[in-house]
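What follows is a single structure, written as structure tokens, with notes after it.
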Amino acid sequence: MSYQVYERFFYLILKNFLRKKNLKKGLKGIITGPSTIIQSSKLGPIYKDKSKAIIDMAYALKEESLSLEKAGAKIIQIDEPFFSTGLIDMEVAKESINIITEDLTIPAALHCCGDVKSVFKDIISFNIDVIDCEFAGHPNNFNILEKNANYLIDEGKKNWFRCYRY
């Protein structure tokens, strides 16, 4: 299936879903981030290093994000669980996230798993509106948020907290 056919197919499905559900708040479009996709992939001989592959993937995901917005998504969430592993070049990560979000007219969120202490200063400088960190397995992330609360407020960034009832 060509990309244009896939994009049109996806757009029609999402539009139909939104119309049938008559959602007032809308839907969150969620994509796996380019660093996580590439880090989880075996690269062929086309790419000599992962940095170029991450940037190329970001351009593809940018189109996906814009399609989600066009279809009615109210926010785009980019999931990057690999950010906290220490395996990711955070300058390349920033460039890739900024590529994805630069033309969006809706808010963008970044979800990171794990202990974000070593990367938090990096991720709050990305072109995102919402930071969503994991707290269930890493309660020390609350301390990181507390230490950076003034900066987050000054920059107009929001944080999501998830609550689960078991």
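Numbers for residues simply follow the sequence, beginning at 1.
- In this structure L87 satisfies the side-chain contact (heavy atoms from CB on, under 4.5 Å) test together with Q39, F82, T85, sequence neighbours excluded.
- No side-chain donor from either of T32 and D79 sits under 3.5 Å from a side-chain acceptor of the other.
- Side-chain atoms of E80 never come within 3.5 Å of backbone atoms of H111 as a donor-acceptor pair (strictly under, hydrogens ignored).
- A salt bridge is absent between K74 and E69: the closest approach of a Lys/Arg side-chain nitrogen to an acidic carboxylate oxygen does not fall below 4.0 angstrom.
- Between the NZ atom in K62 and the CD1 atom in I76 there is a gap of 13.5 Å [rounded to 0.5 Å].
- No salt bridge links D122 with K94; every basic N to acidic carboxylate O contact stays at or beyond 4.0 Å.
- Between L68 and G29, the closest heavy-atom pair is CD1-CA, 4.0 Å.
- Closest approach of L61 to G33, counting heavy atoms only: CD1-C, 3.9 Å.
- The distance from atom CD1 of I31 to atom OG1 of T36, rounded to the nearest 0.5 Å, is 10.5 Å.
- Judged by distance alone, with hydrogens and angles left aside, the side-chain atoms of D56 form no donor-acceptor pair with the main-chain N or O of Y59 at under 3.5 Å.
- For the atom pair CE of M57 and OG of S41, the computed distance is 6.5 Å after rounding to the nearest 0.5 Å.
- Of the possible polar contacts, one joining the T101 side chain to the N127 backbone as a donor-acceptor pair under 3.5 Å is found.
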